[in-house]
Amino acid sequence: MKARFHLPGIATHFKFNLVFATVLEQFPQYFRDVEIASFYGAFPQSIWNGGRTQEGVCDKRFVKTVLHAFNERGIPVRFTFTNPALEKKHLNDKFCNMVMSLADNGLNEAIVVSPLLEEYIRKNYPSFKLTSSTCKRLNDGDRLAAELEKDYHIVVVDYDLNNKFDILEKLPNKDKCEFLVNSNCRPNCPDRAQHYYNVGVQQINYANHMRKYPDQPYDPLIFGDGKNQNCPFFTRSIFDIRELSTNIRPGDIWEKYLPMGFSQFKIEGRTAWLFNLIETYVYYMAKPEFADKARYTLIDFCTANNVITVNE
Amino acid sequence: MKARFHLPGITRNFSFNLIFAHMLKNCPYYFREGVEIASFFGTFPPAVWNGGRNVKGRCDEGFIKQVLKAFNDMGIPVRFTFTNPCITEELVHDEFCNRILELAYNDLNEVIVNSQLLEDYIRDKYPKYKLTSSTCKRLDTIDGPISELKKDYHIVVLDYDLNNQYDLLEKIPPGDRNRVEILCNTLCDPKCKMRKEHYRLIGENSIAYNEYVKSGKTTPFNLSDYYEINEENAIHCKCRERNSFEIRKLPTHVSPDDIWGKYMPMGFEQFKLEGRTAGRIFLTENYLYYMAKPECRDEARLMLLFNLEKNGIIRVDK
């Protein structure tokens, strides 16, 4: 049984993810039966982006480079267009529409939250496969089951349903379910939906600022939208999160989730520290007996490709 | 029971080793029982007395003082690899090497020796230094170290070909075993016939490099100008290409489980990890393989990498 992993970062971790895809291809003996289902993320400064504020700027050539690099390996790029704060005026955003046009090839995908944007994408870019986002916070079995009956390619399960096997076993269309395995967040977080909304507002502020003042740094204090940064859980490492009730262990993926018919798993980490991400990839995807070699090879390839520079 | 580790590098690996020493002190729960740093060993280039590895570069007195102070302040000895087998009467008076020994002259620091001439000179001029008998002597029968242990050495490093030969190791008197140091992670082919010759070439190379530095030439040091003593031409050794996983398959490899399960119960307590010219990632993997508890190794590695990045040893392309 193959586990299909959705991996984080198309701009922030572009080079690293390319290195990882190469290592997975060249050293299959180090890994469990896994495949890369997609690399997901957004090109900065996409105003449609949600989930994590994406800072930075990039031009059309970089977008093309990333799409080409992943797509020619047969790996979809999936856009995190999950900003819940979008209004109608944002739909014709030039940058996001340019990205969608460049990626419109039947392979690539988008994750959606806003019904407004979803409708717009279905109408204007009908070949994109759509994923229903975890940002919707569908944290009971009935609402999730209803979502799975809709016309989505994938539905990301709310992390609070992770490991609740009595609820999970009743779900229809299990092959469409995607599980966020390594969430940093505290279980049953009462602020989760608000947090995503705040991130969305910040993304809009950021994109608008960079358009008007590309020569001036963005300061969240000026916009008063930096309150998300008070959440203390962003900095948890892979070792800190393992005891959370919502954490899915690799052993459970192979022994419980896959036998139940689930096959899609999401690793978060778009804004993660690289070494924590390396540890996370190795933990979930490498065979335990080859974890050290897989990590060493990955770091070696990262060094050879200047993702990591070691001051020798 | 103690596991006293001698760790490689005092110049290129200085920052790395300092960070590691602090981590061992601050996060003892990651590490196996009894782990201590017995010394950091190495040389300050271009010390002509250095042996074992070619160490290029130059360092000034300020740097030497800084390294000595940083390690000594933590109670950790610095041990000089003054194991060049090609020392002449003239070279024992080398100004730079003598200055190093003067600067480090306290009750803590140590010297590894190989050349009898140099050993006699150090015993006479710097009697406070604790001396280690080098593995470069290639005493590969058990009588070698047994006889060496009868002499006035603080430590005797065992030849790697005696590693894991427990029937022979049993012959070492129990009272002497705490003075025996085991080289755990050698890259070399077992029973290498070229080993002693290799150390000689490295010694000649050290002399040539030192002469080059003293000549004041501004062109880079070029080993091909010294064909006869270029180890690449003379030996064609490929062993250094082995990575930290490949060396674990060699019969001379001493595993951490054997250290705790066999060597320490036999009374051995000194262990050497080579890696003076190795990369930081190799060292990270090696240090944690030997010293971290297996169940804490992954977390300890992440913490070490974090500290290495925060201290500028590793940079992540963001």
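A, B, ... follow the sequence lines: proteins, then strands. Residue 1 opens every chain.
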Neighbour count >12 (heavy atoms, 6.0 Å) for atom [atom1], [X]:
| X | atom1 | answer |
| --- | --- | --- |
| B/Arg315 | CZ | no |
| B/Met23 | CE | yes |
| A/Tyr213 | OH | no |
| B/Glu33 | CD | no |
| A/Arg61 | CZ | no |
| B/Glu295 | CD | yes |

Contact winner vs chain A - B/Leu305, B/Asn243, B/Leu308, heavy-atom pairs under 4.5 Å: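 The residue among B/Leu305, B/Asn243, B/Leu308 with the greatest pair count is B/Leu305.
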Discussion item. Less than 4.5 Å to any heavy atom of chain B: does that hold for the side chain of A/Asp300, its backbone, both, or neither?
Written reply: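 Interface part for A/Asp300: neither.
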Less than 4.5 Å to any heavy atom of chain B: does that hold for the side chain of A/Ile308, its backbone, both, or neither?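 It is both, since atoms from each part get that close.
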Contact class of [X] relative to chain A, heavy atoms under 4.5 angstrom:
| X | answer |
| --- | --- |
| B/Arg12 | side chain |
| B/Glu299 | both |
| B/Phe16 | neither |

- Query: Under 4.5 Å between any side-chain heavy atoms of B/Arg297 and A/Asp292, yes or no?
  - Reply: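 When only atoms from C-beta onward are counted, A/Asp292 and B/Arg297 do touch, with a gap below 4.5 Å.
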### Query
Do B/Ile281 and A/Val310 pass the side-chain contact (heavy atoms from CB on, under 4.5 Å) test, and can you show the C-alpha distance, the side-chain angles, and the key distance before you say yes or no?
CA-CA 8 Å; B/Ile281 303 300; A/Val310 182; 4.1 Å; yes
Q. Strictly under 6.0 Å, is that where the ring centroids of B/Phe306 and A/Phe275 end up?
A.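 Ring centres of A/Phe275 and B/Phe306 not closer than 6.0 Å.
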Shortest non-hydrogen separation from [X] to [Y] and the atoms involved:
| X | Y | result |
| --- | --- | --- |
| A/Asn306 | B/Asp317 | O-CB, 3.4 Å |
| A/Ser237 | B/Leu302 | CB-CD2, 4.1 Å |
| B/Asp298 | A/Glu279 | CB-OE2, 3.4 Å |

So how far is it from A/Leu274 CG to B/Ile314 CD1, rounded to the nearest 0.5 Å?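 Rounded to the nearest 0.5 Å, the CG-CD1 separation comes to 10.0 Å.
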